[in-house]
Trainee: 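So that we are looking at the same thing, I have put the structure below in structure tokens.
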Amino acid sequence: MRKKISLLVVAFVACSLLSYGWGFFGHKVVHQLSIYGLPKQMQGFFYQNQDYLVQKSVRPDERRNNDPEEAPRHFIDVDVYGVDAVYTMPQSWKAAAEKYPVDTLKKYGIVPWHVMVMKERLTNAFRQQNADSILFYAADLGHYIADAHVPLHTTLNYDGQLTNQHGLHSLWESKVPEMHAEMYKLQNKRAVYLKDTETAIWEVVRASHKLFPGVLELEREATKSFTPETKYVTVERNGRKRQYYSDDFAKKYAELLGPTVAQRMQSSAEVVSNFWYTCWVDGGKPDLDKLMASKLSKDQKKALKQEKKSWKKNTLFQEKRVLALQKKANS
Ligand SMILES: [Zn+2]
């Protein structure tokens, strides 16, 4: 079906997907919050590497440009397999590959199964007490888990392109949170051990997919208050005109969505923390303090304490403690 989309539409979608998967802003916020949810034995090491984990939260999206294997790792068009497939699809890769051709699975996305691959690698990195590998896989794993939280990452109609709602993808996961995150209540719970990580990531996919009809419906609802002239803005880039949702439209759409985007963002941070923690436990609970370049300095300890205080009060944005909005995190 995707092949039938005209080249022009592909070009437009490609443009709107430059920051595919929560947008760079969303991924960075999620990883910052995930660190606060970790237990004490993990927090020093993760906090000392906070800049890395926040900046590298977007590396899998950047990799998409050079690695043809990368794209399917970020989504699963689960409705391709049937209306109820999200509930009936085999959870394990082995069982899924027995039921469907591997080429088909790869074509329509493998995010839940790739999360399991990354989870194994992170667990091994903990087992081997390899600080570089722990950070590398923690960053990648967090990205894919956050992507699985986006409703439009669970459908063939991933940009609203099949229902004449082009650009919906970046509206939902980038424009809306970038405009409104300051008002979000983002208090992710403390990390808990996951007995069944496979079911946990599938539950994320199922919850995302359940929200998908509303994502389309509320766009139609918002449209009732706009004319084509006020709904979109036309931007000319490199001699080409492109249409984007206007700020006013994004505002109205966000109003109708209510807390949905914030809830998916908060859940992303919780599930990322849970997976990091579970990998550490399964990896034999190595002493991470020994892997730190140096102990947390007095200033670092003070900063962590202040950040956690803001996190608990939900004032990280107001107190300008969000790394995604600071210069170094965007360099
Ligand atoms: Zn992504």
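We're numbering straight along the sequence, starting at 1. Remember, it's 1-based here, ligands and their atoms both numbered in the order they're listed.
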Trainee: Just checking, Arg190 and Tyr277: is the charged tip under 6.0 Å from the six-membered ring centre and within 45° of the axis?
Mentor: no
Trainee: Can you name the N/O/S atom of His143 that is nearest the Zn ion (ligand 1)?
Mentor: NE2
Trainee: What N/O/S atom of His74 is the closest to the Zn ion (ligand 1)?
Mentor: ND1
Trainee: Under a 3.5 Å cutoff, is there a donor and acceptor pairing between the side chains of Ser57 and His27?
Mentor: no
Trainee: Of all N, O or S atoms in Asp61, identify the one at the shortest distance from the Zn ion (ligand 1).
Mentor: OD1
Trainee: Test the Lys308-Tyr36 pair against the cation-pi criterion, namely NZ or CZ under 6.0 angstrom from the six-membered ring centroid and within 45° of the ring axis.
Mentor: no
Trainee: Of all N/O/S atoms in Asp147, which lies nearest to the Zn ion (ligand 1)?
Mentor: OD2
Trainee: Establish, yes or no, whether a centroid distance under 6.0 Å links the rings of Tyr232 and Tyr245.
Mentor: yes
